[in-house]
Amino acid sequence: MQIFKVIEEAIINPPIPHEPYKQSLKNWAMYCLRDRGFKVVYAQNADFAIEIKGGEKFYFKVTNSADDLDNSINWIVWDGANKSASFIPAKF
């Protein structure tokens, strides 16, 4: 899906680096996606969602560990050892 490529690019090549002592992973991820033009909205059962034209929503959770992730939702994972983020799309 093309939208997932854009999301991944926003996370892998962010406009600002993630600095855990300055901002939360959630706020950083939302900023990166907003910077790429996504509309970031509230999500009840996730950390946040993005809404695209046509009203479709993609839900996201953020974590510092890639262990035991629920594959029904999109994930943004911070690897503190490598100081890099990755995007793991949901598997439908």
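Note that CD of Glu19 and CG of Leu25 are 13.0 Å apart. Values are rounded to the nearest 0.5 Å. To the nearest 0.5 Å, atom CD1 of residue Ile16 and atom NZ of residue Lys22 are 8.5 Å apart. The distance from atom CD1 of Ile7 to atom CD of Gln2, rounded to the nearest 0.5 Å, is 10.5 Å. In this structure, CD1 on Ile11 lies 9.0 Å from CZ on Arg36, to the nearest 0.5 angstrom. Rounding to the nearest 0.5 Å places CG of Asn74 at 8.0 Å from CD1 of Ile50.
The shortest heavy-atom contact between Ala85 and Ile12 is O-CG1, 4.1 Å. Scanning all heavy atoms of the two residues, the minimum distance from Asn45 to Lys61 falls at O-CE, 3.5 Å. Taking both residues in full, the closest heavy atoms of Val40 and Arg34 are given as CG2-CG, 3.6 Å, listed atom of the first, atom of the second, then distance. Pairing each heavy atom of Gln23 with each of Pro17, the nearest pair is NE2-O, 3.7 Å. Between Cys32 and Pro14 the shortest heavy-atom distance is SG-CB, 3.6 Å.
Annotation: ring-ring contact (aromatic ring centres under 6.0 Å, His included) contacts involving residues 18-38, sequence neighbours excluded, comprise His18-Trp28, His18-Trp78.
With side-chain heavy atoms closer than 4.5 Å counting as contact, directly or through intermediates, the hydrophobic cluster containing Leu69 also holds Tyr59, Ile73, Trp75, Val77, Ile88.
Placement of Val62 and Val6 within a single hydrophobic cluster is found when ILVMFWY residues are connected by side-chain heavy-atom separations under 4.5 Å, directly or transitively.
Although no hydrogens or angles enter the test, the distance criterion places no donor-acceptor pair under 3.5 Å between the side chain of Asp35 and the main chain of Pro15.
With sequence neighbours left out, the side chain to side chain donor-acceptor pair (under 3.5 Å) criterion links Glu51 to Lys39.
In this pair, Phe4 and Phe58 present their aromatic rings perpendicular. The plane angle is above 60°, beyond the 30 to 60° band.
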